Amino acid sequence: MTDTREEQAAGQPAADENRLIAERRAKLDTLRSTGQAYPNDFRKDTTAAELIARFGDRDADSLEAVEDVFAVAGRMMAKRVMGKIAFVRLQDRSGAIQLMIQRDHLPEGVFHAFKHWDIGDILGARGRVMRTQKGELSIRVSELRLLVKSLRPLPEKYHGLTDTELRYRQRYVDLIMNDNSRNVFHTRSRIISFIRAFMEAPGREFLEVETPMMHPIPGGAAARPFVTHHNALDLDMYLRIAPELYLKRLIVGGLGRVYEINRNFRNEGVSTTHNPEFTMLEFYWAYADYRDAMDLTEMMLSELTQAIRGDHKVIYQGLEIDFSGPWERLSVEDAVRRYNPKLAEADLWNEDFLRSVCSGLQVHTEKNWGPGRLLTELFEATAEENLVQPTFITHYPTEVSPLSRRNDDHPEVTDRFELFICGREIANGFSELNDPEDQAERFREQVANKDAGDQEAMHYDADYIRALEYGMPPAAGEGVGIDRLVMLYTDSPSIRDVLLFPYLRPEA
RNA sequence: GGGCCAUUAGCUCAAUUGGCAGAGCAGUAGACUCUUAAUCUAUUGGUUCUAGGUUCGAGUCCUAGAUGGCCCA
């Protein structure tokens, strides 16, 4: 392998060259010696899907009458040569179309050259539409060009690429080989487009905004941030864990209804439902409360389900999820009692009692946690996984909801909800805390927790308090996890399946 | 962070109790003017994830590590 040795001598990383690549490099050398090896002067004028839509149901005779010549281009995914005739499956962004290539229909030498082209090469072809004897719509090729020489062999044609690690690391190969993977990302795009249209529809008119990704003070969620550094200002900055405090500043500013669909970064573990960077829809809505936000969420996801699935149901990993409302709304307290029937109502705020129940269930607790936090832990440990159908869980304890408005009748809980589907948290929303003095006090409690060792506790954000002091209209706000939503609609078991480039450790 | 499992040709996978590392597809050469995972003939291709160890002998057993998957925290 002289190539490899020469490359290593030239200081390049040792490539995973092999004889298959070497053979293709030799073919590329021949192309270079005879002209432009990577031309960019071929223009397609249609796609596979467009041809199938136009001609898919026409019979052979009627296609004979079509005199138009079409230009297509794409990757050669299959090649079947039979002497002087060949069939190629050409894959483009829309799908695939078959080429029928006859030696005697092409200029001298083209067919001979084609026989040495490889699966994975990118071709351009012109020709009239026809139907083969076996009935497949095809292009009878009158002009054929090699546009890109592919140097690396594609995975095997029948089994494709199944190795999960390779599918994530080399997503480009996964997208070439797996229809299913392409479909997931088409669906993801449709979901996000739908949400934008829904939020901006007449009558709602939420304004899409962009707020900073780098924060001097991380805020808006309980999570550990990634730290980075601004050299010119010699200032540590944090990749945002949530856009919440900035979006609410915009509510103070009078924008009234705002939303943002963008990335959050949390310095936490990786799992089938967690990626260090993930996408959230977050919106804020003046003169609305948490019940309005629940109504809006229910309407949005019901309509989304219709738009994506054409039905009110989704099958996720064998579970049938029914999005037609109304969805159950259940307080944290009621949910805990439903799944722990031995607990009396009076027990739910008894700190010592909750602590003993948690310890009996092997639920980890900390000394400085009050009854609100303990109740929430108990909920997560015993109730969450049972919430398969869309369910709003309401009235989270104030202790775990430092940005939410207290309930008017029960100040130890907030006007907050989370939406669960398939046992997973999909959304989190609440009536916003717009009392600057209450908010300042909650920040001080968070700082005390942080000083006591809670790395996820919030910082005191003085500018945010200042903003509230100017007066924030009463409002509701909510965050919706887009990746988890896409998982549901694409029946994907792992968040990595719905991220084009999920987090992976660097290759060895 | 812990447990279990996996890693063999470009890809998908075999390899009996520790005893010659194999197949299909892809590739290469040839045949073939209607194929659909085309077919037929011949044929090339290996750091068995890495580093140690046990053994006459290791893909297989042991130790450590890497990466991935699943489960748990």
Side-chain angles (χ1 to χ4, degrees), chain A residues 1 4 8 14-28 48 60 63 75-91 95-106 111-112 114-121 127 130-141 149-174 176-179 224 267-274 317 358-359 361-366 377 380-381 384-385 423 492-497 502-508:
Chain A
M1 283 264 144
T4 305
Q8 282 169 347
D16 53 344
E17 293 276 343
N18 60 50
R19 96 206 122 73
L20 296 173
I21 296 175
E23 278 164 8
R24 291 183 178 213
R25 276 195 202 284
K27 293 177 183 178
L28 175 60
L63 290 175
R75 195 181 294 274
M76 178 160 65
M77 297 302 290
K79 179 188 178 195
R80 293 180 281 272
V81 180
M82 271 144 295
K84 300 180 187 66
I85 188 171
F87 296 89
V88 159
R89 189 160 69 87
L90 196 74
Q91 178 171 292
I97 185 96
Q98 178 167 272
L99 307 180
M100 192 186 79
I101 302 167
Q102 289 163 289
R103 187 191 68 178
D104 300 337
H105 256 67
L106 292 169
F111 193 81
H112 183 261
F114 158 77
K115 285 205 279 188
H116 294 281
W117 298 349
D118 293 293
I119 288 168
D121 287 353
M130 51 112 34
R131 194 168 287 284
T132 63
Q133 286 174 17
K134 293 284 169 63
E136 179 155 351
L137 180 69
S138 305
I139 290 184
R140 188 194 305 274
V141 174
K149 182 75 216 165
S150 169
L151 296 177
R152 288 178 180 266
L154 288 174
E156 195 240 349
K157 61 188 170 191
Y158 185 59
H159 298 92
L161 185 68
T162 62
D163 183 283
T164 37
E165 184 177 355
L166 280 181
R167 286 186 50 231
Y168 300 147
R169 278 197 201 285
Q170 300 186 30
R171 182 67 88 184
Y172 36 90
V173 180
D174 181 42
I176 291 169
M177 297 305 297
N178 294 323
D179 293 349
R224 296 178 64 181
N267 206 339
E268 296 167 349
V270 176
S271 76
T272 50
T273 49
H274 295 82
Q317 304 294 293
C358 283
S359 118
L361 291 166
Q362 311 270 331
V363 173
H364 171 82
T365 59
E366 297 276 350
E377 295 288 328
E380 289 177 3
E384 240 180 59
E385 62 183 337
S492 298
S494 169
I495 195 171
R496 295 183 192 96
D497 296 321
Y503 171 77
L504 294 175
R505 285 188 171 81
E507 279 181 84

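Proteins get letters first, then strands, A, B, ... in listed order; numbering begins at 1 in each. Since the structure is predicted, the reported quantities are computational estimates derived from the model, not experimental observations.
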message = Between P on G69(B) and CZ on R167(A), what's the gap in Å once rounded to a whole number?
response = 11 Å
request  = Would you mind reading off the distance between D118(A) atom CG and G10(B) atom P, rounded to a whole angstrom?
outcome  = 16 Å
Contact nearer the 5' end of RNA chain B, comparing Q362(A) with Q98(A) = Q98(A)
request  = Take atom C1' in C56(B) and the same atom in G10(B), then report the distance between them in whole Å.
outcome  = 36 Å
remark   = Winner on side-chain proximity to H116(A), out of A29(B), U12(B), G68(B), is A29(B)
ask   = Taking any strand in view, what nucleotide pairs with C40(B) in a Watson-Crick or G-U wobble way, both distances under 3.5 Å?
value = G30(B)
ask   = Taking any strand in view, what nucleotide pairs with G1(B) in a Watson-Crick or G-U wobble way, both distances under 3.5 Å?
value = C72(B)
ask   = Say you pick atom P in G24(B) and the same atom in U44(B); how far apart are they, in whole Å?
value = 12 Å
note = By nearest-nucleotide position on RNA chain B, the 5'-leaning member of G135(A) and H159(A) is H159(A)
ask   = Base, sugar-phosphate, or nothing for T132(A), non-hydrogen atoms under 4.0 angstrom?
value = base
remark   = Side-chain contact check for E23(A): nearest option of U28(B), A26(B), U36(B) is U28(B)
request  = Please measure how far the C1' atom in A37(B) lies from the corresponding atom in A26(B), and state the result in whole Å.
outcome  = 12 Å
ask   = What integer number of Å spans the C1' atoms of U67(B) and A51(B)?
value = 15 Å
query = Where the side chain of M130(A) is concerned, which of U67(B), A26(B), C34(B) is the nearest nucleotide?
reply = C34(B)
key: Inter-nucleotide C1' distance (G69(B), C62(B)), Å rounded   = 24 Å
task = Look at the side chain of Y158(A) and decide which nucleotide, out of A37(B), G69(B), A38(B), has an atom nearest to it.
result = A37(B)
query = On a whole-Å scale, what distance lies between the P atoms belonging to C71(B) and G65(B)?
reply = 24 Å
inquiry  = Looking at R103(A) and U33(B), is any side-chain donor or acceptor paired with a base atom of the opposite kind under 3.5 Å?
reply    = no
query = What interatomic distance, in whole Å, is found between C1' of C34(B) and the corresponding atom of A42(B)?
reply = 26 Å
inquiry  = Just verifying a value: how many Å separate D497(A) CG and D174(A) CG, rounded to the nearest 0.5 Å?
reply    = 9.0 Å
ask   = So which nucleotide from U36(B), C70(B), G27(B) ends up closest to the side chain of T272(A)?
value = C70(B)
inquiry  = From CG of D121(A) over to P of G10(B), roughly how many Å is that when rounded to an integer?
reply    = 19 Å
inquiry  = Please give the distance between the P atoms of C5(B) and A9(B) as a whole number of Å.
reply    = 22 Å
task = Classify the nucleic acid contact of G269(A) as base, sugar-phosphate or nothing, counting any heavy atom under 4.0 Å across all strands shown.
result = nothing
query = Which nucleotide in the set U33(B), G10(B), C70(B) lies at the smallest distance from any side-chain heavy atom of I85(A)?
reply = U33(B)
task = Kindly point out which of U36(B), C34(B), G24(B) is positioned nearest to the side chain of E136(A)?
result = U36(B)
inquiry  = Under 4.0 Å, heavy atoms only, any strand: does L166(A) hit a base, just the sugar-phosphate, or nothing?
reply    = sugar-phosphate
request  = Side chain of R80(A) only, please: which of C71(B), A38(B), G10(B) is the nearest?
outcome  = A38(B)
query = Around Q362(A), counting heavy atoms of other residues, nucleotides and ligands shown, do more than 12 lie under 6.0 Å from its CD?
reply = no
request  = Find the partner of C61(B): check Watson-Crick (N1-N3 plus N6-O4 or O6-N4) and G-U wobble (N1-O2, O6-N3) distances, both under 3.5 Å, and reply none if neither fits.
outcome  = G53(B)
ask   = What nucleotide among U12(B), C32(B), G27(B) has an atom nearest to a side-chain atom of V81(A)?
value = C32(B)
